[in-house]
Amino acid sequence: RYPDRVFLCAADGSGVGDVLSRVQELLSRRWVLRELDVPAWAAQAAGDIHAGAQVLSREAVGDKTRYRLRLTPENWARLQKKLIATKRIA
């Protein structure tokens, strides 16, 4: 009836790892990977970036910081809108 079901035993906790893996798999389907270059003068944008995305990496590239992010499409749109509105990115 539920082919993707995962079993969990409340008595001994067996299956917790399977449940966590399944939840991560389901959530990962909704997430996208993005790169974002932030100019050095807009370093204060880091707080907004960390608040709305999982930061996979951060590296200096010339006079910018390049972030590799994992986030939902909705959070990506919100982050872009906020950073553009505050003139932190072009």
Side-chain angles (χ1 to χ4, degrees):
R1 187 172 176 185
Y2 300 100
D4 294 329
R5 67 182 170 248
V6 179
F7 294 100
L8 172 67
C9 178
D12 65 10
S14 62
V16 170
D18 295 336
V19 170
L20 292 175
S21 293
R22 182 71 176 135
V23 168
Q24 182 177 2
E25 176 188 328
L26 292 171
L27 290 175
S28 292
R29 290 181 187 172
R30 291 248 324 119
W31 291 29
V32 295
L33 297 175
R34 295 290 183 261
E35 283 191 355
L36 179 65
D37 288 340
V38 178
W41 56 263
Q44 69 276 19
D48 293 327
I49 294 167
H50 283 272
Q54 179 182 13
V55 178
L56 302 175
S57 67
R58 185 181 73 195
E59 67 175 311
V61 179
D63 63 345
K64 298 180 181 181
T65 301
R66 177 167 295 151
Y67 290 87
R68 283 194 65 242
L69 309 171
R70 181 166 46 192
L71 65 173
T72 64
E74 296 84 5
N75 279 348
W76 174 242
R78 276 192 288 272
L79 180 61
Q80 286 184 300
K81 185 176 178 179
K82 185 169 188 174
L83 295 177
I84 290 170
T86 58
K87 302 197 183 332
R88 293 180 181 164
I89 63 170

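The residues of the chain are indexed from 1 along the displayed sequence. Side-chain atoms are counted along with the backbone in the values below, which use heavy atoms only and exclude waters and symmetry mates.
- Residues satisfying the side chain to side chain donor-acceptor pair (under 3.5 Å) test with Gln54, not counting sequence neighbours, are Arg70.
- Taking every heavy atom of both residues into account, Val32 and Pro73 meet most closely at CG1-CG, 4.1 Å.
- A pairwise comparison of heavy atoms in Trp76 and Leu36 identifies CH2-CD1, 4.3 Å as the closest pair.
- The environment of CZ in Arg34 is crowded: more than 12 heavy-atom neighbours from other residues, nucleotides or ligands sit within 6.0 Å.
- Sorted by first and then second residue, the side-chain hydrogen bond (donor to acceptor under 3.5 Å, both in side chains) pairs with a member in residues 7-20 read Asp12-Ser14; sequence neighbours excluded.
- For Arg78, the side chain to side chain donor-acceptor pair (under 3.5 Å) partners two or more places apart in sequence, or in a different chain, are Asn75.
- Leu56 belongs to a hydrophobic cluster whose remaining members, ordered by chain and number, are Leu33; membership requires side-chain heavy atoms of ILVMFWY residues under 4.5 Å apart, directly or through intermediates.
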Which pairs of donor and acceptor atoms, one on a side chain in residues 60-69, lie under 3.5 Å apart (sequence neighbours left out)?
{"from": "Arg66", "atom 1": "NE", "to": "Asp37", "atom 2": "OD1", "distance (Å)": "2.7"}
{"from": "Arg66", "atom 1": "NH2", "to": "Asp37", "atom 2": "OD2", "distance (Å)": "3.1"}

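- In this structure, CD on Gln24 lies 10.5 Å from CG on Leu26, to the nearest 0.5 angstrom.
- Considering every non-hydrogen atom in both Phe7 and Arg5, the closest pair reads CZ-NE, 3.1 Å.
- Shown here for Ala45 and Leu83, the closest heavy-atom pair between the two residues is CB-CD2, 3.6 Å.
- Interatomic distance, Leu71 CG to Leu79 CG, rounded to the nearest 0.5 Å: 7.0 Å.
- By the salt bridge (charged side-chain N to carboxylate O under 4.0 Å, His left out) test, Arg22 is found to be paired with Asp4, Glu25, residues two or more places apart in sequence or in another chain being considered.
- With sequence neighbours excluded, the residues that form a salt bridge (charged side-chain N to carboxylate O under 4.0 Å, His left out) with Arg30 are Glu74.
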